[in-house]
Amino acid sequence: MVSIDKIKIAASLLLVALGVTGFYLVPTDQGVVRSLPVVLSLALAGFVLWFSGPGRAFVDYARDSIKEAQKVVFPTRKETWQMTGVVFLFVGVLSLFMWGVDSGLTWVFYDLILGRG
């Protein structure tokens with residue numbers, strides 16, 4: 001990372017810290033005015049980061065993410081119900097299997113080995 005980018009990142013962090021400090025300096029009964037320093041500092045920090053190398057890389061990443069999200073093909077209503085049915089069927093079969101294993105192990109340990117039946 002170039003040193004100018006480090007300075008820009010440090011400046012944006014300082015802006016956010018000043019905004020949070022401004023939030024706590026304004027009295028609590030002034031809600032909208034109290035949140036104004038935080039909003040302004042975040043906007044200014046975003047503006048400073050926009051012109052840094054990592055900021056541009058993040059914007060490119062966000063654009064690519066949006067493009068990829070637009071390529072997603074969601075299942076139809078019928079496919080959704082079918083997959084939900086398969087999941088419920090699998091859960092039912094698995095629960096019966098686990099119950100059978102638990103009952104079998106209980107019978108083996110308590111009845112056969114320990115003789116407490």
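Heavy-atom basis, side chains included; hydrogens, waters and symmetry copies ignored.
Minimum interatomic distance between Thr80 and Pro75 (heavy atoms only, all atoms of both residues): OG1-CG, 3.7 Å.
Between the CH2 atom in Trp107 and the CD1 atom in Ile113 there is a gap of 10.0 Å [rounded to 0.5 Å]. Between the CG atom in Leu114 and the CZ atom in Phe109 there is a gap of 8.5 Å [rounded to 0.5 Å]. Note that the OG atom of Ser35 and the CG atom of Leu42 stand 11.0 Å from one another [nearest 0.5 Å]. For the atom pair Met98 CE and Ser95 OG, the distance stands at 9.5 Å (nearest 0.5 Å). Note: Asp102 CG to Thr106 OG1 = 4.5 Å, rounded to the nearest 0.5 Å.
Side-chain contact between Tyr24 and Arg34 is present, with at least one heavy-atom pair separated by less than 4.5 Å.
Within the 3.5 Å criterion, the main-chain N or O of Thr76 finds a donor-acceptor partner in the side chain of Glu79.
There is a path of hydrophobic side-chain contacts, each under 4.5 Å, that joins Leu112 to Leu105. Hydrophobic cluster membership differs between Phe90 and Leu96, with clusters built from Ile, Leu, Val, Met, Phe, Trp and Tyr side chains linked at under 4.5 angstrom. Residues Val101 and Val93 are members of separate hydrophobic clusters, defined by side-chain heavy-atom contacts under 4.5 angstrom among Ile, Leu, Val, Met, Phe, Trp and Tyr.
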Pairs under 3.5 angstrom only: tabulate donor-acceptor contacts from the side chains of residues 8-23 to other protein residues two or more places apart or in another chain.
unit_1: Lys8; atom_1: NZ; unit_2: Phe51; atom_2: O; d: 2.8
unit_1: Ser12; atom_1: OG; unit_2: Lys8; atom_2: O; d: 3.4
unit_1: Ser12; atom_1: OG; unit_2: Ile9; atom_2: O; d: 2.7
unit_1: Thr21; atom_1: OG1; unit_2: Ala17; atom_2: O; d: 2.8

